[in-house]
Every structure is written in structure tokens, then in C-alpha cells.
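Comments concern the structure below.
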Amino acid sequence: MPRYEVTVQGQGIAVPLEGSVAIGFLRVVQVRAENPLEAQLLAVEAVESAWAKSRYAFRNRSGPPYLTINAIGLLSWWHRLLGAPGGYLFLSADGMQTASDPRLDGRR
């Protein structure tokens, strides 16, 4: 079964981070799917689930994020070995980008 790397974009949040407020994020996930459409659906489900369990959701001063697909690609065999990067890349209204804190993501 093919493996896809999908970049999911979340918008409509308000998460305080280091002197700024994140209004959106990007998250990269890898999924196995029969086709690109199924990959997009699985990626959105994975990000929804991860967000709902995250400490960022608890800090969010707005509603749940509105998720869209930013990019999708079929992974080559050697990219599959590397795995997907973890965490979120948060975006603020002033254009600042902040990587998520591994301690808050449950990563170390």
C-alpha cells in the first residue's frame, strides 16, 4: 500500500506561546492509503485526534482548528525510513513561526 506525507494546516486557534499568540499551525503526518484522497482524510483524522489530546488544545483560547491540506506527496521507499517530523510549526499573526515544545507534545 502506498505511503503519503501530508502537511495539514490548522487555522482559527489562539494559543499563547512565548510572547506571541499562535493563530495557526502546520503538522506533517505520514499515512498509508490506497489513494491521495484517502490519505488526506486519514491525515486530517490523525491531526484532529492528536490536537484534541494535546496540551495546546487545553491552552487554546478559541475553538477547535479548521483543518485543510497544505501539501501531499507520495513517499519514496527511503523517505519512509526517515519517518515524519514530530510536533507542530505554529504561526502567529505577525508572521512569526515557532516550533512546538517537545515537552508539551509528549516528545523528548
From Glu38 atom CD to Met1 atom CE, the distance as rounded to the nearest 0.5 Å: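 The distance works out to 6.5 Å.
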Please list all pairs meeting ring pair (Phe, Tyr, Trp, His ring centres under 6.0 Å) that have one or both residues in residues 4-31, counting only residues at least two apart or in different chains.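 Sorted result for residues 4-31: Phe25-Trp51, Phe25-Tyr88.
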Shortest non-hydrogen contact from Ile72 to Pro36? CD1-O, 3.5 Å
Looking at Leu75 and Glu5, what are the two nearest heavy atoms and their distance? CD2-CB, 3.7 Å
Pair Ser62, Asn60: side-chain N/O donor-acceptor within cut-off below 3.5 Å: no
Do Val15 and Val21 sit in one hydrophobic cluster, given that two such residues count as connected whenever their side-chain heavy atoms are within less than 4.5 Å of each other, even indirectly? no
Hydrophobic cluster membership, Leu74 vs Val31, 4.5 Å side-chain cutoff: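 Yes; tracing contacts between hydrophobic side chains, which count when under 4.5 Å, links both residues.
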Excluding sequence neighbours, so at least two apart, what forms side chain to side chain donor-acceptor pair (under 3.5 Å) with Asn35?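 Counting only residues at least two positions away or on another chain, Asn35 forms no side chain to side chain donor-acceptor pair (under 3.5 Å).
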Can you tell if the side chain of Pro65 reaches within under 4.5 Å of the side chain of Gln11, non-hydrogen atoms only? no
By side chain to side chain contact (heavy atoms under 4.5 Å, CB included), which residues pair with Gln97, not counting sequence neighbours?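 Gln97: side chain to side chain contact (heavy atoms under 4.5 Å, CB included) contacts with Leu89, Leu91.
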Once side chain to side chain contact (heavy atoms under 4.5 Å, CB included) is applied, do any residues pair with Thr7, and if so which ones, sequence neighbours excluded?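 Result, side chain to side chain contact (heavy atoms under 4.5 Å, CB included) vs Thr7: Leu26, Val28, Asn70, Ala71.
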Quick one: do Tyr66 and Ile13 satisfy side chain to side chain contact (heavy atoms under 4.5 Å, CB included)? Show the steps, please. CA-CA 8 Å; Tyr66 173 73; Ile13 62 171; over 6 Å; no
Go through Leu67 and Glu48 one step at a time and tell me if the side chain to side chain contact (heavy atoms under 4.5 Å, CB included) criterion holds. CA-CA 8 Å; Leu67 302 177; Glu48 281 177 337; 3.3 Å; yes
Please walk me through it: do Thr68 and Val8 pass side chain to side chain contact (heavy atoms under 4.5 Å, CB included)? CA-CA 6 Å; Thr68 57; Val8 179; over 6 Å; no
Connected hydrophobic set around Ile23, excluding itself, where side chains approach under 4.5 Å: none
